[in-house]
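First the structure, in the form of structure tokens, and then the observations on it.
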Amino acid sequence: MGQLPRTIPASFLQELRDILDAAGITLGPLAEGRRVTHTAEHRGATWEITFMGRHYGWAVRGPGMEHGVGALPEDVPEVMNREAGPQLPDGPLDWAVRHPDGRVWTCEDQTTAEETTAETPHMTAVYRVPGGDWTEWRAPVKASTARAPRTYAGVPVPADVREAWDAVPARWWRLGVRSALAR
């Protein structure tokens, strides 16, 4: 298992700062409790930029990239400017939901397909250009921090889990907390 560096060399940090300044992005302070992760505000969102080492570059985390995307310093602004979430093709689309065994039920529109998959997690929303092949659709997770607690079973809830409190990854996080606290 790899380890993160303990510090960011000054030359690497200055190089990143210069590249971000040229792109109009201001590198913020170190993230709370972290030695190699800086924050940056860009396009109304908070991004985390983590130094991974001399040979690996930086990991960029933000909207649509919660697990981090590896990037060289010159690629960091491009990663931060990417559109978050999947993009649909232009033109009319057929919508449906697909069962894990392959059966497909057509839906009236995208909203109906997304609502159906929200109610039945084993189903998947799919779309196609009329006459084409079905393509899986993963709807962007909508923020619902108003209903998300700040702590769960006495454990502080991370910001990314709070933002997607009703999503499957948050359910797994809650299960992990319950499992860790079980005796």
Side-chain angles (χ1 to χ4, degrees), residues 1-8 13 16 20 25-53 56-71 76 79-88 95 97-101 107 110-127 136-183:
M1 175 183 273
Q3 293 180 322
L4 287 176
R6 292 177 185 255
T7 61
I8 304 172
L13 186 58
L16 178 67
L20 291 177
I25 302 169
T26 304
L27 186 64
L30 285 171
E32 185 177 335
R34 301 198 183 155
R35 293 183 285 188
V36 293
T37 301
H38 279 266
T39 59
E41 295 291 327
H42 183 59
R43 292 172 52 179
T46 301
W47 293 78
E48 288 186 348
I49 305 168
T50 302
F51 182 66
M52 302 300 291
Y56 303 106
W58 301 84
V60 183
R61 281 185 292 294
M65 295 167 220
E66 287 76 19
H67 297 292
V69 175
V76 171
V79 170
M80 293 174 74
N81 283 320
R82 285 184 194 157
E83 290 296 321
Q87 301 295 316
L88 288 173
W95 285 91
V97 290
R98 182 172 48 205
H99 191 271
D101 68 9
C107 295
Q110 178 180 357
T111 305
T112 307
E114 289 176 351
E115 288 172 355
T116 303
T117 57
E119 293 170 6
T120 53
H122 65 283
M123 303 290 264
T124 305
V126 291
Y127 67 91
E136 184 174 330
W137 170 250
R138 297 258 182 219
V141 178
K142 295 181 178 108
S144 60
T145 57
R147 296 182 307 154
R150 295 205 179 275
T151 60
Y152 179 78
V155 176
V157 179
D160 57 332
V161 174
R162 289 189 75 232
E163 290 172 4
W165 187 249
D166 297 326
V168 173
R171 287 189 222 147
W172 284 108
W173 181 85
R174 293 192 296 270
L175 175 64
V177 169
R178 289 194 307 268
S179 298
L181 297 175
R183 294 181 191 234

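Heavy atoms only: backbone and side chains are in, while hydrogens, waters and symmetry mates are out.
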Under the side chain to side chain contact (heavy atoms under 4.5 Å, CB included) rule, collect the residues that match up with [X], sequence neighbours excluded.
{"X": "A125", "result": "A113, T117, W137"}
{"X": "T111", "result": "D109, E115"}
{"X": "P158", "result": "D160, V161, W173"}

[X]: partners by side chain to side chain donor-acceptor pair (under 3.5 Å), with sequence neighbours left out:
{"X": "T46", "result": "E41"}
{"X": "T120", "result": "none"}
{"X": "T37", "result": "T50"}
{"X": "R35", "result": "none"}

Original post:
CD1 of I8 to CG of L30: how many Å apart, nearest 0.5 Å?
Top reply: 6.0 Å
Original post:
CD/E136 to OG1/T124 distance, rounded to the nearest 0.5 angstrom?
Top reply: 5.0 Å
**OP:** Decide side-chain contact (heavy atoms from CB on, under 4.5 Å) for M123 and R98; before the verdict, give the C-alpha distance in whole Å, the side-chain angles of both, and the deciding distance to 0.1 Å.
**Re:** CA-CA 6 Å; M123 303 290 264; R98 182 172 48 205; over 6 Å; no
Atom of [X], atom of [Y] and distance for their closest heavy-atom approach:
{"X": "W58", "Y": "V76", "value": "CB-CG2, 4.3 Å"}
{"X": "M80", "Y": "A40", "value": "CE-CB, 4.1 Å"}
{"X": "V177", "Y": "A153", "value": "CG1-CB, 4.2 Å"}
{"X": "P5", "Y": "V36", "value": "O-CG1, 3.2 Å"}

Subject >> Main-chain N/O of N81 paired to R43 side chain as donor or acceptor, under 3.5 Å >> reply: yes
Original post:
Any sub-3.5 Å donor-acceptor pair from H38's side-chain atoms to L27's backbone N or O?
Top reply: no
Original post:
Once the angle between the rings of Y127 and W95 is folded into 0 to 90°, is it parallel (under 30°), tilted (30 to 60°) or perpendicular (over 60°)?
Top reply: tilted
Subject >> Partners meeting salt bridge (charged side-chain N to carboxylate O under 4.0 Å, His left out) with R174 (sequence neighbours left out) >> reply: none
Original post:
Who are the salt bridge (charged side-chain N to carboxylate O under 4.0 Å, His left out) partners of E32, not counting sequence neighbours?
Top reply: none
Original post:
Is there a side-chain contact (heavy atoms from CB on, under 4.5 Å) between T39 and W47 once you walk through the steps?
Top reply: CA-CA 6 Å; T39 59; W47 293 78; over 6 Å; no
**OP:** Check the pair I49 / L16 against side-chain contact (heavy atoms from CB on, under 4.5 Å), numbers first and verdict last.
**Re:** CA-CA 10 Å; I49 305 168; L16 178 67; 3.8 Å; yes
